[in-house]
Amino acid sequence: MEIHAITLIPELVTAVTGYGVTGRAVQRGLLSVVTWNPRDYTDDVHRTVDDRAYGGGPGMVMKAEPLSAALAGARTAAPMDSTVVYLSPQGRPIEQQMLVTQGRKPGLILVCGRYEGVDERFVETDVDEEWSLGDYVLSGGELAAMVVIDALARLQPGALGDAQSAEQDSFSDALLDHPHYTRPENFCSRCVPAVLLSGDHAAIARWRRQQALGRTWQRRPELLARLRLSGEDERLLEEYKRQLGNRNPGAGDD
Ligand code: 9D3
């Protein structure tokens, strides 16, 4: 897929294409990232991209004309019907399913704001969707764009190794992961759970599923509430709670 990013700091956004899974996806031609700088679409000597807010108050606002002109540039190069996503604190919190849906399409145009944000008329006329990373304050949309690019890169067919991609089609989005261990068997007097050394692959799969269910129940109960558990999952989770209660006397049992 092609991702076009409208940004005042293109070097920041393109940094993700130089490393790791994202870098390999670009090298393999599975992903391309192209930047468009609103500053290159100004017509005054100062190359002005921001101005004071109507109504007063601190902080500057990104001007609509350079943004719109940069977007027109992006549209000439991007696949037809590319979705225009503005990354902003007012947006819909990003979830994996939104990225899976977007990752199957050929083109995406990301708009990164700086300062207090962009002129609302640009949002009204040019933006299809507004996405947020969550309820905390960043200083601009570039890091959010990098997050989206990273998450989309690893969803492109062929971007991950075989082992990783096989793991992806399973239930991995819905539950938190189980714990992982590697050598040595004993680290700071803490041993690897015996079942993982047993060679009993069915028992290992059961233990991992139980850990995933139990940790999700403890740490992210709202994720568990979205699911309809099988009878086997219910039993595994009940056993997890019971074992926890035994090691933690007096704890609640809901
Ligand atoms: C402290 C500034 N705030 C004024 C009350 C508003 C504000 C303006 C601009 C807060 C953040 C930003 C810049 N943020 C983004 O561009 C951004 C963002 C974020 O801050 N949090 C979560 N997701 C995102 S996506 C883009």
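Atoms within a ligand are numbered from 1 in the order they appear, just like the ligands themselves. Side chains included, hydrogens not; waters and symmetry mates left out as well; all remaining heavy atoms used.
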Do any nitrogen or oxygen atoms of ligand 1 lie under 3.5 Å from a protein nitrogen or oxygen, and which ones?
unit_1   : atom_1 : unit_2 : atom_2 : d
ligand 1 : 16 (O) : Gly141 : N      : 3.2
ligand 1 : 20 (O) : Leu138 : N      : 2.9
ligand 1 : 21 (N) : Tyr136 : O      : 2.7
ligand 1 : 23 (N) : Ser132 : OG     : 3.4
ligand 1 : 23 (N) : Leu133 : N      : 3.0

Would you give me the side-chain donor-acceptor pairs under 3.5 Å for residues 28-37, sequence neighbours excluded?
unit_1 : atom_1 : unit_2 : atom_2 : d
Arg28  : NH1    : Gly158 : O      : 2.7
Trp36  : NE1    : His4   : ND1    : 3.0
Asn37  : OD1    : Arg39  : N      : 2.9

May I ask you to list the residues sharing a hydrophobic cluster with Tyr181, side-chain cutoff 4.5 Å, ordered by chain and number?
-> Val192, Val195, Leu196, Leu197, Ile204, Trp207

Using a cut-off of 6.0 Å, state whether more than 12 heavy atoms not belonging to His180 lie near its atom NE2.
-> yes

Report the C-alpha distance between Arg235 and Glu232 in whole Å, list the side-chain angles of each, state the deciding distance to 0.1 Å, and finish with yes or no for salt bridge (Lys or Arg N to Asp or Glu O under 4.0 Å).
-> CA-CA 5 Å; Arg235 278 190 294 279; Glu232 170 69 359; 3.4 Å; yes

Set of residues satisfying side-chain hydrogen bond (donor to acceptor under 3.5 Å, both in side chains) with respect to Ser198, sequence neighbours excluded = none

Distance, nearest 0.5 Å, that separates CG of Leu175 from CZ of Arg220 | 11.5 Å

